Amino acid sequence: MDDISIEQTVTGRRQLKLIIIRNLLTAIGIFFIMTSTVMIFLLPLGPLFLYLAYCVNNANKTQYDYIIVNDEFEVARIMNFNKRKVVFKGNFNDLELVAKNNKELVNRYRLKKVRIYNFLSPDMTKRQIALVFKSGLNYACVLTVLDDRLIKAIKMRANYLVDVKE
């Protein structure tokens, strides 16, 4: 079999909880700046909370790298465009199913012990794909947004598992 090396980068969804935390920190920072006119000792807290809001906002900028090298599938999260962390590694030998992300798929694995990794993107031009890996008694369902190059590469490695129609 030929060697394969393919990489795709997609922008991740912004997490609602981090947006709420950022807005709350900004409001608290503005409140402390406004109340520091009356109580001067509160002045350092305003810029501190605004800086924390800035840090939370930067942490919410994520991208995902999908990397296929031979039989290995790896997903890395890139935070704030500079910090890279591998969040999932799988082998195509452990791949049990490749299908569209829909309710039928969720119902099929509902009673099994499944760990779901959600790496979906707000970019809906690409297809949402679910990759189910089995390791012992545990299952890992990776929800991704893949383009045609990566789907073809997966078909080359696990053709009998791919259930993705145009």
Side-chain angles (χ1 to χ4, degrees), residues 1-25 52-166:
M1 212 175 253
D2 297 331
D3 289 342
I4 296 176
S5 177
I6 298 177
E7 182 174 344
Q8 174 189 344
T9 303
V10 296
T11 304
R13 289 183 176 171
R14 289 192 170 249
Q15 296 178 5
L16 180 62
K17 113 179 131 175
L18 290 179
I19 292 173
I20 292 171
I21 291 172
R22 179 200 62 197
N23 292 343
L24 187 65
L25 288 172
L52 289 175
Y54 171 78
C55 291
V56 169
N57 187 45
N58 284 342
N60 206 9
K61 296 176 184 173
T62 60
Q63 290 181 327
Y64 295 108
D65 269 348
Y66 305 124
I67 302 167
I68 294 177
V69 178
N70 295 334
D71 284 341
E72 296 291 322
F73 178 75
E74 180 179 292
V75 180
R77 178 182 290 139
I78 302 171
M79 294 166 278
N80 198 21
F81 309 112
N82 61 8
K83 185 179 178 185
R84 185 176 193 278
K85 179 181 178 184
V86 176
V87 290
F88 180 80
K89 266 190 172 184
N91 193 319
F92 286 130
N93 297 331
D94 300 332
L95 189 63
E96 184 169 294
L97 178 73
V98 179
K100 286 185 179 180
N101 178 25
N102 58 23
K103 291 181 182 177
E104 280 181 31
L105 177 76
V106 173
N107 289 336
R108 190 183 310 177
Y109 288 93
R110 183 175 31 181
L111 299 176
K112 298 178 181 177
K113 197 175 198 179
V114 178
R115 166 89 193 252
I116 296 176
Y117 296 91
N118 189 348
F119 304 125
L120 294 176
S121 169
D123 181 15
M124 293 303 178
T125 59
K126 298 181 178 100
R127 288 180 277 179
Q128 294 183 5
I129 305 295
L131 304 168
V132 180
F133 293 88
K134 183 178 181 181
S135 176
L137 296 174
N138 299 325
Y139 290 86
C141 181
V142 180
L143 304 176
T144 63
V145 180
L146 301 179
D147 62 5
D148 292 332
R149 294 178 311 126
L150 269 83
I151 291 172
K152 286 178 185 175
I154 292 171
K155 282 183 180 180
M156 287 176 60
R157 292 299 180 191
N159 189 25
Y160 62 96
L161 298 171
V162 178
D163 181 27
V164 179
K165 308 260 187 308
E166 295 298 328

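Treat the numbers as computed from the prediction; the structure is a model and nothing was measured.
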CA sep, side-chain torsions, deciding dist, call: Ile78, Asp65, side chain to side chain contact (heavy atoms under 4.5 Å, CB included): CA-CA 8 Å; Ile78 302 171; Asp65 269 348; 3.4 Å; yes

Pair Phe73-Asn91, side chain to side chain contact (heavy atoms under 4.5 Å, CB included): steps then yes or no: CA-CA 6 Å; Phe73 178 75; Asn91 193 319; over 6 Å; no

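- For the atom pair CG (Asn57) and CG (Leu25), the distance works out to 11.0 Å, reported to the nearest 0.5 Å.
- We find that Lys85 and Glu74 are not joined by a salt bridge, their nearest charged nitrogen and carboxylate oxygen being 4.0 Å or further apart.
- Rounded to the nearest 0.5 Å, atoms CG (Asp94) and OH (Tyr139) are 11.5 Å apart.
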Residue pair Arg77, Thr62: steps toward the side chain to side chain contact (heavy atoms under 4.5 Å, CB included) verdict: CA-CA 7 Å; Arg77 178 182 290 139; Thr62 60; 4.2 Å; yes

